[in-house]
Student: 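Here it is, the structure, as C-alpha cells.
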Amino acid sequence: MKVKVDERGYYGNFGGAYIPEMLYPNIEELRDNYERIMAEPDFQEQFQSLLKDFVGRPTPLYKAERLSEKYGAKIYLKREDLCHTGAHKVNNTIGQILMAQRLGKKKIIAETGAGQHGVATATVCALMGVECIVYMGAVDIERQKPNVERMRILGAEVRAAESGSKTLKDATNEAMRHWINNPTDTHYIIGSVVGPHPYPEMVARFQSVISEEIKKQLQEQEGQTNPDYVIACVGGGSNAAGAFYHYYDDEDVQLVAVEAAGKGNHTGESAATTVLGKPGVLHGSRTLLMQTEDGQVVEPYSISAGLDYPGIGPVHAHLYETGRAKFYSVTDEEAMKSGIQLSRLEGIIPAIETAHAFAALNQMSFKPEDIVVINLSGRGDKDLETYIKWGKY
Ligand SMILES: *Cc1c(COP(=O)(O)O)cnc(C)c1O
C-alpha cells in the first residue's frame, strides 16, 4: 500500500487545505515552493549540518537489554530524547526556519499548548537571530511557567490568547489571525503533522530523518533494515510519522501508533482520537477528530500535555482507516507505570508522552526473534513535577 500525499494534499480521504480565503496567498506560496526548496543542495547541506552539530544527530539506536528480556523480543530504542532541547520537535523547527529564510520571511510565529513546540521554535529563532512571537493560551501560560520562561530567555515574545477556553485552540486562532494580517514578512511554524496542506507532509519530511537513521543503524546492528514492529506515541503524530516514513511501503513492518486514553476511553476524559473521533475538519485539514453530535470539538484530556489534542494528523487518519498502522490506547496510569519501569530497567526517564508508547508493549505479544523499535520521542526532565505528583515509585 502506498502512503503518499496527492497534489491536493490528501492521504486517501484525509488532508487538504480548509482555510479562510484570506490565508490562500500564504498557503499557496508555501505549497508552490516547499518541495523545490527542500530539494536544493544548499538547503539540504545546511539542514544536515545543523541536524548533526546543533541537534546532535544521528541519535543512537540503542538495544535495551533488560527491557528486551522482560518482553521476550529484541527491543531497540531510537533515542530522540538525546536531541538538543530533549525531544524530536527540533528536527522540524530547524527545517522550517531554513524554509522561512529561503522564502524571504523575516519573522516567525508559532502557537504552543504545553510549550514544547514554543521552546523548539524559540530555540531556532535565537539560533538564526530571527524575531519570534509565540501564542499561548492564558491558562496554559499559568500552567507551564518553566517553558514560558525558557522561551523568554531565548528571546521570544510570548503572547497570551485570552479568548475561549484560553488554551491551545485559542492560541492557534490568534496565530492564524496574526498570519492573515502579516502575510508577506512572516512564516508560521506548525509543530506537528497537522494543519492545512502542505504542512503535514512538510513536517513529516523533516521528521523522516528518524526512520532514515533507523534503517541504517538496524542494518549495522542486525544486518537488516527492517524491524518487525515500529512503535510510537501519537499526539498530532509528528514523531510517529518520522519513525514510520521510510517504512510506509514495507508491508513486513507492522506500524504501531499509541494514543492517550487519559482516565479511560469511556470516562469522558480521554484523547484517543481513533477510538472516539469522527471525520471532520480541524486546524485546516480533514481528519479524525473528537467532536459532539453537532460537530463541536470536544476538549481532550491526557496526563501528558503533548498528547492532549482532539485530533490526529491526516496521514494517521489514513493509516488507521486503511489498517496500515495498528492503533492502541493507553491510560494515564498505564503510561506512568511504564515510565517508571523504563527508568528502573534502562536508566532512562522518558517524557510522559513517550511512556505511552512503552505501555503498548503490555498489550502486544512477541516471538523471541522479533525486532521491535520504539521511538523514544523525548526525555522526562520536563515532566518531573507530574512524576512527583503521581508519586507511586
Ligand atoms: C510534543 C511531543 C509529542 C507529541 O507530538 P507528536 O507530533 O505526536 O510527535 C510526543 N512526545 C514528546 C516528547 C513531545 O514533546
Side-chain angles (χ1 to χ4, degrees), residues 59 77-93 95-96 110-121 123 140 144 146-147 150 168 189-195 199-211 230-245 255-260 271-274 283 287-288 300 302-317 319-320 325 327 329-330 335 338-339 342 348-360 374-384 386:
T59 59
L77 310 182
K78 183 57 175 160
R79 298 291 307 275
E80 294 301 296
D81 59 316
L82 297 178
C83 288
H84 176 47
T85 70
H88 66 289
K89 285 194 173 73
V90 71
N91 302 325
N92 167 49
T93 57
Q96 285 202 49
E111 92 291 330
T112 195
Q116 294 304 115
H117 172 57
V119 170
T121 302
T123 298
D140 289 334
Q144 308 287 344
N147 277 339
R150 276 186 193 106
L168 179 60
I189 298 189
I190 291 184
S192 190
V193 288
V194 301
Y199 278 102
E201 183 62 17
M202 182 173 68
V203 175
R205 297 256 302 263
F206 289 139
Q207 293 291 359
S208 71
V209 63
I210 298 172
S211 47
V230 179
I231 307 176
C233 65
V234 171
S238 69
N239 87 89
F244 296 169
Y245 197 90
L255 308 177
V256 177
V258 186
E259 296 183 294
T273 302
T274 61
H283 296 166
T287 189
L288 290 172
S302 165
I303 193 168
S304 91
L307 303 186
D308 191 356
Y309 182 71
I312 47 176
V315 71
H316 294 290
L319 293 172
Y320 176 73
F327 282 71
S329 60
V330 160
S338 284
L342 186 70
I348 300 169
I349 304 175
I352 294 171
E353 291 84 357
T354 314
H356 285 71
F358 284 86
I374 305 182
N375 197 36
L376 214 171
S377 59
R379 59 176 177 243
D381 306 34
K382 69 178 178 64
D383 294 321
L384 202 60
T386 311

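Counting starts at 1 for both ligands and their atoms, following the listed order.
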Student: Answer side chain, backbone, both or neither: which part of Ala351 comes under 4.0 Å from ligand 1, heavy atoms only.
Tutor: side chain

Student: Quick one: does His356's side chain have a donor or acceptor within less than 3.5 Å of a partner on Cys233's backbone?
Tutor: no

Student: Could you find the nearest protein heavy atom to atom 14 (C) of ligand 1 and give me its residue, atom name and distance?
Tutor: Lys89 NZ, 2.9 Å

Student: What part of His88 sits under 4.0 Å from ligand 1 if we count only heavy atoms: the side chain, the backbone, both or neither?
Tutor: side chain

Student: With a cut-off of 4.0 Å, which atoms of ligand 1 are near a heavy atom of Gly306?
Tutor: 4 (C)

Student: Considering only heavy atoms from C-beta outward, does the side chain of Glu80 approach that of Asn91 to under 4.5 Å?
Tutor: yes

Student: In ligand 1, which numbered atoms sit nearer than 4.0 Å to a non-hydrogen atom of Gly378?
Tutor: 13 (C)

Student: Taking side chain as C-beta onward, heavy atoms only, is Thr273 less than 4.5 Å from Glu259?
Tutor: yes

Student: If you count the atoms of ligand 1 from 1 in the order shown, which ones are under 4.0 Å from a heavy atom of Ser238?
Tutor: 6 (P), 7 (O), 8 (O), 9 (O)

Student: In ligand 1, which numbered atoms sit nearer than 4.0 Å to a non-hydrogen atom of Val234?
Tutor: 8 (O)

Student: Would you call the rings of His283 and Tyr309 parallel, tilted or perpendicular if under 30° counts as parallel and over 60° as perpendicular?
Tutor: tilted

Student: Please confirm whether Ala240 comes under 4.0 Å of ligand 1, counting heavy atoms of the residue only.
Tutor: no

Student: Heavy-atom pairs closer than 4.0 Å: do any link ligand 1 to the side chain of Glu80, the backbone, both, or neither?
Tutor: neither

